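Working notes, structure below.
All chains are named by letter (A, B, ...) in the order of the sequence lines, taking the proteins before the strands, and each is independently numbered beginning at 1. None of the values given here were measured: they were computed from a predicted structure.
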Amino acid sequence: MPELPEVEVLRRDLLARMPKPSRIRAIRFLSPKLRTPLKMPKALVGKTLLVRDIERRSKFLIFNIEGGVFISHLGMSGYWRAEKVRSEIKHDHVIIEWENGDLWVYNDPRRFGVFEFYPDLSKAKWFSHLGPEPFSDEFLASQVVDKIRRSERAIKSIIMDAKVMVGVGNIYASEALFKAGINPFKTGKRVSSERISRLLFAIRETLAKAIKGGGSSIRDYVHVGGEKGQFQNEHLVYGRSGEMCTLCSSKIQSKKIQGRSTFWCRNCQS
DNA sequence: AGTAGGACCTGGCCGC
DNA sequence: TGCGGCCAGGTCCTAC
């Protein structure tokens with residue numbers, strides 16, 4: 001489910017549904033662990049938690065509360081749903097109980113997700129090495145271009161590396177490279193600065209359009225109310241191997257790069 | 001140091 | 001209908 005657009009759509013959705021006053025009565029864990037153990041810090045047990053805001057960094061949601069933050073990552077298969085009455089669904093792991101009775105439930109079959117508390121966000125290992133956000137000014141700075149131009153890896157792997165930039169996952173990497181006309185196998189070293197700069201704008205545009213489209217729903221749904229995103233219908237190459245390229249009508253190719261399926265047009269991307 | 005590959009999980013789909 | 005194999009929106013850790 002989650003690359004930057006899906007997490008951002010989720011964040012806005014949750015924020016809009018957050019009860020007022022935004023007080024959590026309790027958080028319950030139904031499983032011992034996701035990717036990491038699920039445990040409530042002793043200091044918070046039995047306390048009412050006032051939520052100030054919900055932010056996003058990289059593919060993480062950040063619930064800012066008095067005295068710290070809860071962070072949520074959806075892994076590959078996680079989703080949050082909001083409900084008034086608890087419906088028990090296999091692989092429910094976390095329940096946020098609001099004071100007004102609303103429930104936010106985290107479900108994640110593969111349990112690659114994360115839900116953790118930190119008194120101080122800077123203590124989270126997940127955040128220590130992250131590159132810039134695609135919508136920040138820093139994203140277009142020369143540092144990113146330099147990092148790419150020094151690398152021998154395939155350009156697709158580079159833009160999916162959170163140390164270089166955050167938010168780009170397997171779907172949007174293929175989509176953005178198509179938009180920029182760059183072959184995903186080409187090493188960073190062999191892409192000119194000019195074309196890298198074109199790529200950075202293509203990444204921004206791709207992610208922005210995906211957010212507008214409500215994200216991509218490939219197999220699990222994204223939205224808190226259960227509706228699917230719509231952007232999967234606008235994918236130009238991802239998941240379209242063997243179909244015709246929308247620009248030149250040649251066949252979309254598919255091959256693995258570092259174990260991840262990659263889609264591109266042989267004719268339009270060089 | 002930079003890079004590739006394995007590990008973590010469950011479920012759905014395809015072919016035999 | 002059953003079973004093996006392969007695939008899936010991510011990221012850390014390990015070994016070359």
Side-chain angles (χ1 to χ4, degrees), chain A residues 1-11 30-38 56-61 71-80 89-93 106-116 124-131 134 146-177 184-189 203 206-207 209-211 213-223 228-235 237-242 254-263:
Chain A
M1 183 158 65
E3 296 182 39
L4 183 151
E6 289 72 31
V7 179
E8 180 59 24
V9 168
L10 169 62
R11 184 187 75 83
L30 308 180
S31 317
K33 65 187 283 268
L34 297 172
R35 188 168 169 185
T36 57
L38 289 170
R56 179 191 59 73
R57 172 75 172 110
S58 186
K59 298 167 186 170
F60 285 85
L61 284 178
I71 63 169
S72 166
H73 192 291
L74 304 176
M76 291 282 260
S77 56
Y79 68 87
W80 282 95
I89 298 180
K90 197 173 179 186
H91 304 303
D92 284 350
H93 304 298
Y106 179 69
N107 184 292
D108 185 355
R110 296 176 75 182
R111 301 202 302 278
F112 286 171
V114 170
F115 189 85
E116 294 175 338
K125 67 167 176 181
W126 315 98
F127 293 79
S128 57
H129 302 297
L130 295 183
D146 291 348
K147 259 190 189 167
I148 294 173
R149 293 223 65 197
R150 270 187 269 115
S151 175
E152 300 264 26
R153 301 152 79 193
I155 184 73
K156 188 206 179 209
S157 299
I158 302 173
I159 63 175
M160 289 177 66
D161 182 347
K163 293 193 212 67
V164 179
M165 64 181 72
V166 302
V168 179
N170 202 40
I171 292 179
Y172 300 115
S174 282
E175 291 297 309
L177 285 161
F185 288 85
K186 201 159 205 177
T187 61
K189 257 188 184 147
I203 288 169
T206 303
L207 298 178
K209 281 190 176 167
I211 291 170
S216 301
S217 296
I218 304 293
R219 60 193 70 233
D220 307 301
Y221 59 76
V222 174
H223 298 192
K228 284 183 186 302
Q230 289 304 311
F231 195 72
Q232 66 278 9
N233 302 318
E234 293 174 55
H235 292 170
V237 288
Y238 184 86
R240 296 192 172 280
S241 102
S254 165
K255 214 173 178 185
K256 301 239 180 207
I257 294 180
Q258 284 203 234
R260 313 297 302 275
S261 293
T262 305
F263 302 86

Rounded distance in Å - CG (A/Leu34) to P (C/dC12): 16 Å
Check ion pair A/Asp161-A/Arg153 (N to O, under 4.0 angstrom): yes
Sugar-phosphate only, base, or nothing, as touched by A/Lys163 at under 4.0 Å among non-hydrogen atoms: nothing
Any A/Lys256 side-chain N or O less than 4.0 Å from OP1/OP2 of C/dA8: yes
Backbone of A/Gly188 reached by a side-chain donor or acceptor of A/Ser151 within 3.5 Å: no
Atom-pair distance (CE on A/Met160; C1' on B/dT3), nearest Å: 15 Å
Under 4.0 angstrom between A/His73 side-chain N/O and C/dG10 OP1 or OP2: no
C1' gap between B/dT3 and C/dG9, integer Å: 23 Å
Rounded distance in Å - NZ (A/Lys255) to P (C/dC7): 15 Å
Candidates B/dC9, B/dA4, C/dG10 - which lies nearest the side chain of A/Pro2: C/dG10
Closest nucleotide among B/dA4, C/dC13, C/dA8 to the A/Arg110 side chain: C/dA8
Residue A/Lys125, side-chain heavy atoms: nucleotide from C/dC12, C/dG10, C/dG9 that is nearest: C/dC12
A/Glu152 side-chain N/O to A/Thr187 backbone N/O, donor-acceptor pair under 3.5 Å: no
Upstream residue (5' side of DNA chain B) when A/Arg35 and A/His91 are each assigned their closest nucleotide: A/Arg35
Distance below 4.0 Å between A/Arg219 side-chain N/O and B/dC13 OP1 or OP2: no
A/Met76 CE - B/dA7 P separation (whole Å): 16 Å
Distance below 4.0 Å between A/Lys90 side-chain N/O and B/dG11 OP1 or OP2: yes
Nearest-nucleotide pick for A/Ile171, side chain only, options being B/dG11, C/dG9, B/dC9: C/dG9
From C/dG9, C/dC12, B/dT3, nucleotide with atom closest to A/Glu3 side chain: C/dG9
A/Gln232 side chain to A/Ser217 backbone, donor-acceptor under 3.5 Å: yes
Among C/dG9, B/dG5, C/dG10, the nucleotide that comes nearest once only the side chain of A/Gln258 is considered: B/dG5
Below 4.0 Å: OP1/OP2 of C/dG9 and any side-chain N or O of A/Tyr172: no
pi-stack flag for A/Phe112 and C/dT11, centroid dist under 5.5 Å, interplanar under 30°: no
Sugar-phosphate, base or nothing in reach of A/Arg111, heavy atoms under 4.0 Å: sugar-phosphate
Spacing of A/Phe185 atom CZ relative to B/dA4 atom P, expressed in whole Å: 12 Å
Interatomic distance where CG belongs to A/Leu130 and P belongs to C/dC12 [whole Å]: 8 Å
Euclidean distance for P, B/dG5 against C/dC7 (whole angstrom): 15 Å
Gap in Å between the two C1' atoms, one belonging to B/dC13 and one to C/dG10, rounded: 22 Å
A/Lys156 and A/Asn170 side chains, donor-acceptor separation under 3.5 Å: yes
Distance, rounded to the nearest Å, where A/His129 contributes NE2 and C/dC12 contributes P: 8 Å
Rounded P spacing from C/dT11 to B/dG11 in Å: 22 Å
C/dG9, syn or anti by chi within 90 degrees of zero: syn
Partner nucleotide of B/dC9 by Watson-Crick or wobble geometry (both distances under 3.5 Å): none
For atom CZ of A/Phe60 and atom P of C/dG10, their distance in whole Å: 12 Å
Any-strand Watson-Crick or G-U partner of C/dG9, both distances under 3.5 Å: none
A/Ile89 backbone acceptor or donor facing A/His91 side chain under 3.5 Å: no
N/O (side chain, A/Ser261) to phosphate O (OP1/OP2, C/dA8) under 4.0 Å: yes
Short side-chain to backbone donor-acceptor contact, A/Ser174 and A/Tyr238, under 3.5 Å: no
